[in-house]
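Below: the structure, in structure tokens.
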Amino acid sequence: MGYEKERRIAELAVQRATLLTKKVFHEKAKGELAKDDKSPVTKGDFGAQALIIQAIAHNFPNDEIVGEEESSELRQDTALRSEIWDLVKDIKLNDSASDALLGGPLPSEEAMLDIIDKGNSPGGPKGRIWALDPIDGTKGFLRGGQYAVCLGLIVDGDVKVGVIGCPNLPVDDATSLSADIGGNQSDEEGKGVLFSAVQGEGAISRPLTSGGLAPSNPISMRPVPDTSKAVFCEGVEAGHSNQGDNAAVAKRLGITAPSVRLDSQAKYCSIARGAGDIYLRLPVRKDYQEKIWDHAAGDLLVREAGGQVTDIYGKRLDFSKGRTLIENKGVVAAPAALQDQVIEAVQVVLNLK
Ligand SMILES: Nc1ncnc2c1ncn2[C@@H]1O[C@H](COP(=O)(O)O)[C@@H](O)[C@H]1OP(=O)(O)O
Ligand SMILES: [Mg+2]
């Protein structure tokens with residue numbers, strides 16, 4: 001029990017940062033950014049990191065933060081920095097009480113750089129450490145598809161709170177995923193979901209708003225009678241997970257439905273709400289170390305929704321080793337009752353046994 005304040009602040013902080021990313025996303029979709037403009041994803045990434053760290057530092061000043069970004073690029077590029085400041089300084093939740101909880105506006109452009117750099121914690125086994133991915137799924141963001149703003153609180157190596165904002169997922173938990181979910185999602189109607197979980201308290205979703213928090217619903221994974229009825233979620237980028245191996249695992253499990261491909265931790269969110277059942281991230285490069293900000297929030301969300309999350313060896317993800325999951329390879333997430341069968345199939349396909 002506990003962590004209600006952390007959940008609330010994290011949800012509001014993610015909601016506010018998501019407003020910033022959506023602004024950039026929609027300007028890009030409408031073609032309003034100049035051709036020679038710096039990558040829109042860079043603006044969204046730095047801006048969202050600054051806003052979220054500001055909220056954490058205001059509420060939990062002794063906590064550490066492992067953020068994906070650091071400010072050296074902005075310290076050299078003053079034009080880019082002031083474009084980002086122009087975005088950051090005006091973003092407010094459309095609800096003054098909620099906005100005040102996050103600590104009000106950032107003090108100045110220079111202070112924004114120092115705030116971004118508070119995300120430089122090395123991580124580790126002790127203490128309260130937030131893992132932040134301001135825009136996860138940058139490829140999805142750029143192609144107008146799925147992306148997510150992700151924040152997890154790790155305490156003594158264990159994820160206690162996970163919050164994920166998915167501006168382009170359908171609001172209704174019961175909407176099944178279509179094969180084109182990874183494609184252009186720039187139409188606002190009925191989209192935008194805020195997911196959260198607290199350890200031991202289950203997982204919830206609520207519509208993303210531009211103000212205070214909307215009412216929530218509990219979410220859970222779909223009961224799947226046997227593996228052949230399951231639907232896979234996997235990444236769009238062939239360089240991030242091995243789609244050929246995924247297909248071989250699906251075949252072994254008797255799955256005939258096509259995989260749904262979407263970028264970012266929206267995959268964890270989708271299986272946690274029963275839109276899809278199994279998320280496989282089988283390594284492409286043996287030397288790649290997964291980053292804690294890419295998994296902390298999603299790992300808890302799925303486990304609190306009735307799933308299990310392990311690596312390809314069946315080991316739980318270990319968030320106590322620093323900024324990366326150095327003790328793990330790949331990710332396998334499935335309804336708890338199916339996890340052993342899925343791991344077995346993964347191990348046969350990858351020749352691990
Ligand atoms: N070779 C790789 N294997 C696995 N994940 C990768 C690899 N290269 C980059 N990533 C990470 O995959 C994440 C996106 O995953 P997905 O394809 O499921 O949306 C990004 O955070 C990206 O990190 P980065 O942002 O540092 O490039
Ligand atoms: Mg990421």
Side-chain angles (χ1 to χ4, degrees), residues 14 17-18 21 25 39-49 52 65-70 72-73 119-120 123 130-152 159 162-169 177 181-183 185 195 232-246 259-272 275-276 278-299 301-302 309 311-312 317 319 322-333 346 350:
V14 165
T18 308
T21 66
F25 184 87
S39 158
V41 80
T42 309
K43 294 186 188 174
D45 246 339
F46 283 118
Q49 175 150 329
I52 289 177
I65 302 160
V66 171
E68 182 171 16
E69 304 301 334
E70 53 88 23
S72 53
E73 183 186 350
N120 66 359
W130 295 83
L132 165 62
D133 194 341
I135 294 187
D136 182 37
T138 53
K139 297 277 170 48
F141 183 93
L142 287 170
R143 74 165 81 79
Q146 296 300 327
Y147 70 95
V149 178
C150 308
L151 183 60
V159 191
V163 173
I164 303 180
C166 296
N168 294 330
L169 278 185
L177 290 178
I181 191 86
Q185 301 292 318
F195 296 90
F232 268 13
C233 286
E234 64 181 4
V236 180
E237 294 298 314
H240 295 173
S241 83
N242 193 319
Q243 295 169 345
D245 288 343
N246 285 0
S259 300
V260 181
R261 289 186 177 161
L262 58 172
D263 298 279
S264 82
Q265 290 188 60
K267 292 185 280 295
Y268 284 112
C269 301
S270 294
I271 66 168
I278 296 172
Y279 166 26
L280 285 190
R281 187 178 191 83
L282 304 185
V284 177
R285 281 176 29 198
K286 284 207 172 59
D287 60 339
Y288 185 76
Q289 291 179 12
E290 297 284 351
K291 310 297 187 293
I292 63 170
W293 55 80
D294 282 327
H295 301 283
D299 170 85
L301 192 77
V302 165
V309 183
D311 68 3
I312 57 173
L317 303 187
F319 294 95
R323 291 174 68 93
T324 68
L325 295 171
I326 192 166
E327 295 291 331
N328 298 108
K329 279 284 167 252
V331 176
V332 178
V346 164
L350 299 185

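Note that ligands are numbered from 1 as they come in the structure, with each ligand's atoms numbered from 1 the same way. Note that the numbering runs from 1 along the sequence shown for the chain.
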_Salt bridge check, Glu290 against Arg281: does any charged N sit closer than 4.0 Å to a carboxylate O?_
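Looking at Arg281 and Glu290, the cut-off is met.
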*Note: Arg143-Glu237 ion pair, threshold 4.0 Å (strictly below)*: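 Salt bridge present between Arg143 and Glu237.
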*asked:* Taking 4.0 Å as the limit for heavy-atom contacts, which would you say applies to Asp263 with ligand 1: side chain only, backbone only, both, or neither?
replied: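 Both backbone and side chain of Asp263 come within 4.0 Å of ligand 1.
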*Location of contacts on Asp136 toward ligand 1, heavy atoms closer than 4.0 Å*: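 Contact part for Asp136 vs ligand 1: side chain (C-beta onward).
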*Give me the ring orientation class for Tyr147 and Phe25: parallel if the planes are under 30° apart, tilted from 30 to 60°, perpendicular past 60°.*
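Taking Phe25 first and then Tyr147, their aromatic rings sit tilted (interplane angle of 30° to 60°).
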*Distance in Å, Lys329 NZ paired with Ile326 CD1, rounded so as to fall on 0.5 Å steps*: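 One finds 8.0 Å between NZ of Lys329 and CD1 of Ile326.
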If hydrogens are left out, which of [options] has an atom nearest to [atom], that is, the closest non-hydrogen atom?
{"atom": "atom 13 (C) of ligand 1", "options": "Lys291, Arg281, Lys286, Glu237", "value": "Arg281"}
{"atom": "atom 23 (O) of ligand 1", "options": "Trp293, Phe141, Tyr288", "value": "Tyr288"}
{"atom": "atom 14 (C) of ligand 1", "options": "Lys267, Gln289, His240, Gln146", "value": "His240"}

*Would you sort out whether Asp45 and Glu69 count as a side chain to side chain contact (heavy atoms under 4.5 Å, CB included), showing the intermediate values?*
CA-CA 7 Å; Asp45 246 339; Glu69 304 301 334; 3.0 Å; yes
*Answer yes if a protein heavy atom lies under 4.0 Å from atom 27 (O) of ligand 1, otherwise answer no.*
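No, because not a single protein heavy atom sits under 4.0 Å from atom 27 (O) of ligand 1.
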Look at ligand 1 and say whether [X] reaches it with a heavy atom at a distance under 4.0 Å.
{"X": "Glu290", "value": "yes"}
{"X": "Val284", "value": "no"}
{"X": "Glu68", "value": "yes"}

What residue and heavy atom of the protein are closest to [atom], and at what distance?
{"atom": "atom 20 (C) of ligand 1", "result": "Asp294 OD2, 3.9 Å"}
{"atom": "atom 19 (O) of ligand 1", "result": "Ser264 N, 2.6 Å"}
{"atom": "atom 1 (N) of ligand 1", "result": "Gly239 O, 3.3 Å"}

*Test ring-ring contact (aromatic ring centres under 6.0 Å, His included) applied to Phe232 - qualifying residues, sequence neighbours left out*: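 Scan of Phe232 (ring-ring contact (aromatic ring centres under 6.0 Å, His included), adjacent residues dropped) gives none.
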_Listed partners of Phe195 passing ring-ring contact (aromatic ring centres under 6.0 Å, His included), at least two apart_ =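 If we apply the ring-ring contact (aromatic ring centres under 6.0 Å, His included) test to Phe195, skipping adjacent residues, there are no hits.
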_Are any of the N/O atoms on Gly137, whether in the backbone or the side chain, positioned under 3.5 angstrom from an N/O atom of ligand 1?_
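N/O-N/O distance below 3.5 Å does not exist for this pair.
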*Could you walk me through whether Val260 and Leu262 pass side chain to side chain contact (heavy atoms under 4.5 Å, CB included), step by step?*
CA-CA 7 Å; Val260 181; Leu262 58 172; 4.1 Å; yes
*Closest heavy-atom pair and its distance - Cys233, Ser270*: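 Closest pair (atom of Cys233, atom of Ser270, distance): SG-CB, 4.3 Å.
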*Mind checking side-chain hydrogen bond (donor to acceptor under 3.5 Å, both in side chains) for Trp293 and listing every partner two or more places apart, or none if nothing turns up?*
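Per chain and number, Trp293 pairs via side-chain hydrogen bond (donor to acceptor under 3.5 Å, both in side chains) with no residue.
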_Side chains of Glu234 and Asn246, donor plus acceptor under 3.5 Å_ =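 Distance-only check passes for Glu234 and Asn246.
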*Closer than 2.8 Å to the Mg ion (ligand 2) - protein N, O or S atoms, ordered by chain and residue number*: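 Listed by chain and number, the nearby protein N, O or S atoms are Asp133 OD2, Asp136 OD1, Asp294 OD1.
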*Could you please spell out the steps behind the salt bridge (Lys or Arg N to Asp or Glu O under 4.0 Å) verdict for Asp133 and Lys291?*
CA-CA 10 Å; Asp133 194 341; Lys291 310 297 187 293; over 6 Å; no
